[in-house]
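A short worksheet on the structure shown next.
So that the names make sense, note that chain A is the first sequence line, chain B the second, and so on, each numbered from 1.
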Amino acid sequence: MVSVAKRQRLQDFFFHRLTQTFSLLVLIALTGIIASLFFNAWPVFKKFGLHFIWYVEWDIINEEFGAAIAIVGTIASAGIAMLIAVPLAFGIAVFLTETCPVWLRRSLGTSIELLAAVPSIIYGMFGLFVFAPIFADYLQVPLQKVLGGMPLVGFLFGGATNGMGILAAGIILAFMVLPFIAAVMRDVFEVTPPILRESAYGLGCTTWEVVRKVVLPYTQKGVIGGVMLGLGRALGETMAVTFVIGNANRMPTSLFSPGTSIASTLANEFGEADDFHIAALFALGFLLFVITFVVLAMAKILVLQTEKAKGV
Amino acid sequence: MLTNFNQQLYNRRRRANAQGLILSMVAMGLGLAVLLWILFVLLSNGLAALDWNMFTKDTPAPGSEGGGLRNAIVGSLMMVGLSVLVSTPVGILAGIYLTEYGDQSKTAELTRFVTDIMLSAPSIVLGLFVYAIAVATVGNFSGYAGSLALSLIAIPVVMRTTENMLRLVPSSLREAAFALGAPRWKVSTMVTLRAAKSGVITGLLLAVARISGETAPLLFTALNNQFFSTDMGKPMANLPVVIFQFAMSPYDNWIRLAWGGALLITMAVLVLNILARVFFREKISA
């Protein structure tokens, strides 16, 4: 009997340590990622220092590297994506939680979730082959005609109208992150206690007022968390962007001008890079990881806080 | 006068309500329309490219006619398969730790937090990481490195779903097993894990779906291979990278194959997602 107990205790001990080791793997991977990226990027950081971040140059032949062009491209395309995707996602979430007939809710919700699973390369191909030509003919040309000559904003619509560029990448990204954001928003909207909602209706509020003044304030943090989750995805997205951003290592001067994002620079140049160029690409990767990590961590904290509020 | 004012206020509120709700419907319609449009384009281009050669011939040389995607399909299956073999035990055991052992501890909290971030971390950076540890050190691109990169994406998915599913198992079940004198590892593997089986399978399916469409982490790890190869120690063809390369090329035949491959991947991913849902629903009704 004693030996059985002893054996079981030993087995338990090993099982405990085994599972613990595996769960710690995630933390080890995280530190490994940060350390290895930084280590491989070190030659570049040593040469350019912090200046690397705002140095507007990406000259492979003379080995002059700065991240500014890629950072601007990344932030501009992700920012445009958010401007488009957030209102749309909000509308979709409101529709799914308030106006949609109950029998349709589940199938529409599922189709939104399924669309979030479509690989991003599909969005990229769609952008390149279908969206870009239409975008060039029916949006870029008219926009340039109407707005291109205007003072102050005119420069935003200058440049070639071939369908590629920062704005096109932003629009494609918007539709890629739309399902993610909409799904999170719907989930947090559903967290609102029915009693709050019903009290507001009882006071005679319209549906819109319930959404604006009860549901939205109650779920504020979760909504912002969902938006930042989408932002994190948009910043780090490679494939949907690479196909349509134009891949030019120049500072973009207008919404139509081709640019590059951190992820698409990596995807395009890594295969043909050598020593110092590779280090520069690692430095870009390091910056991207740090930026998305901060954004995603903030998103996570905000979503957690809403979920905690639900528990009370 | 007052009734007039009330009437005006009431009308304004009704108008705002109608506007808001109509806009939300427009948003839903627009979102669905674009997304359906993407699927339609994919289906029409993909079906046109789909033929038997796609599964029996290898990727063609630049500019040549014919050919298929056999090497890429096999490569993708092998890499995804291996990374499932790796990430399943790791993810499930780690998930068990988070629920059964480290429930409230600070490390478990931190692990959970980091796992959630890794779920959405840019996959291209994971590719860079694997390049640094498994390609640069060895000196060549390999299918193993590709699998490793995919596993890094799959493990957090498996881990978090396993944990969430184990949490749904009522603690009375655990207590009953403990009362019978079962050791902890037996309770975890043979009672709770078994009770949460369908949920865990859901997680696995979602993980497979997630990694089968990933392109970015394979670019610098598995690279690509124009020829048929089952040697995972060498660069390996895989659908996503082939699609990327072919779609960006100027050759019509390559672009046609890219659409075919894109359709294959999307169908696989959607079927896996639907299967995952079916499994999960069975659990709920059981």
Ring-plane angle category for [X] and [Y], please: parallel below 30°, perpendicular beyond 60°, tilted otherwise.
{"X": "Phe293(A)", "Y": "Phe289(A)", "result": "tilted"}
{"X": "Phe270(A)", "Y": "Phe282(A)", "result": "perpendicular"}
{"X": "Phe38(A)", "Y": "Trp42(A)", "result": "tilted"}
{"X": "Tyr131(B)", "Y": "Phe220(B)", "result": "perpendicular"}

Looking only at heavy atoms and a cut-off of under 4.5 Å, which of [options] has the most pairs with chain B?
{"options": "Phe243(A), Trp208(A), Phe286(A)", "result": "Trp208(A)"}
{"options": "Arg212(A), Glu237(A), Arg9(A), Arg233(A)", "result": "Arg233(A)"}
{"options": "Gly32(A), Gly271(A), Gly232(A)", "result": "Gly32(A)"}
{"options": "Gly236(A), Ser23(A), Ala263(A)", "result": "Ser23(A)"}
{"options": "Ile121(A), Thr99(A), Val94(A)", "result": "Ile121(A)"}

Which atoms of [X] are under 4.5 Å from chain A, going by heavy atoms: the side chain, the backbone, both sets, or neither?
{"X": "Ile38(B)", "result": "both"}
{"X": "Ala258(B)", "result": "both"}
{"X": "Leu110(B)", "result": "both"}
{"X": "Ser212(B)", "result": "neither"}
{"X": "Val90(B)", "result": "both"}
{"X": "Ile117(B)", "result": "both"}
{"X": "Tyr101(B)", "result": "side chain"}
{"X": "Ile92(B)", "result": "neither"}
{"X": "Leu126(B)", "result": "side chain"}
{"X": "Met25(B)", "result": "both"}
{"X": "Leu32(B)", "result": "side chain"}

Sort out for me which of [options] touches chain A most, counting heavy-atom pairs under 4.5 Å.
{"options": "Leu206(B), Leu35(B), Leu23(B)", "answer": "Leu35(B)"}
{"options": "Arg184(B), Lys186(B), Arg13(B)", "answer": "Arg13(B)"}
{"options": "Ser120(B), Ala262(B), Gly127(B), Ala216(B)", "answer": "Ser120(B)"}
{"options": "Phe141(B), Trp259(B), Phe113(B)", "answer": "Trp259(B)"}
{"options": "Gly213(B), Ala209(B), Ala132(B), Gly29(B)", "answer": "Ala132(B)"}
{"options": "Thr107(B), Asp116(B), Val26(B)", "answer": "Asp116(B)"}

Taking [X] for the side chain and [Y] for the main chain, is one N or O donor matched with an acceptor at less than 3.5 Å?
{"X": "Arg105(A)", "Y": "Leu96(A)", "result": "yes"}
{"X": "Asp12(A)", "Y": "Trp185(B)", "result": "yes"}
{"X": "Arg112(B)", "Y": "Leu98(B)", "result": "yes"}
{"X": "Ser120(A)", "Y": "Met239(A)", "result": "no"}
{"X": "Ser264(A)", "Y": "Thr260(A)", "result": "no"}

salt_bridge([X], [Y]) N-O dist < 4.0 Å:
{"X": "Glu163(B)", "Y": "Arg160(B)", "result": "yes"}
{"X": "Arg106(A)", "Y": "Glu113(A)", "result": "no"}
{"X": "Glu214(B)", "Y": "Arg210(B)", "result": "yes"}

Chain B heavy atoms under 4.5 Å from [X]: which part of the residue, side chain, backbone, both or neither?
{"X": "Phe90(A)", "result": "neither"}
{"X": "Leu281(A)", "result": "backbone"}
{"X": "Ile278(A)", "result": "side chain"}
{"X": "Leu25(A)", "result": "side chain"}
{"X": "Leu284(A)", "result": "neither"}
{"X": "Thr207(A)", "result": "both"}
{"X": "Tyr123(A)", "result": "side chain"}
{"X": "Thr242(A)", "result": "both"}
{"X": "Leu18(A)", "result": "side chain"}
{"X": "Ile33(A)", "result": "both"}
{"X": "Leu37(A)", "result": "side chain"}
{"X": "Met125(A)", "result": "both"}
{"X": "Asn40(A)", "result": "side chain"}
{"X": "Leu88(A)", "result": "both"}

- Beyond-backbone contact of Phe135(A) with Met164(A), side-chain heavy atoms, under 4.5 angstrom: no
- Query: Tell me, do Leu27(A) and Leu24(A) make a side-chain contact under 4.5 Å, heavy atoms counted?
  - Reply: yes
- Message: Counting only heavy atoms from other residues, nucleotides and ligands, does the tally under 6.0 Å from CG of Asp274(A) exceed 12?
- Response: yes
- So with a 6.0 Å cut-off around CE of Met248(B), is the heavy-atom count from everything else above 12? yes
- Any residue meeting side chain to side chain contact (heavy atoms under 4.5 Å, CB included) with Cys205(A), in chain and number order, not counting sequence neighbours: Ala200(A), Glu209(A), Val210(A)
- Message: Check for me whether the distance between the ring centres of Trp37(B) and Phe126(A) falls short of 6.0 Å.
- Response: yes
- Applying side-chain contact (heavy atoms from CB on, under 4.5 Å), run through Val241(A) and Ile172(A) and close with a yes or a no. CA-CA 7 Å; Val241(A) 176; Ile172(A) 290 297; over 6 Å; no
- Item | Passing option when Leu148(B) is tested against Val130(B), Val135(B), Thr221(B), Val86(B) for side-chain contact (heavy atoms from CB on, under 4.5 Å) | Val130(B)
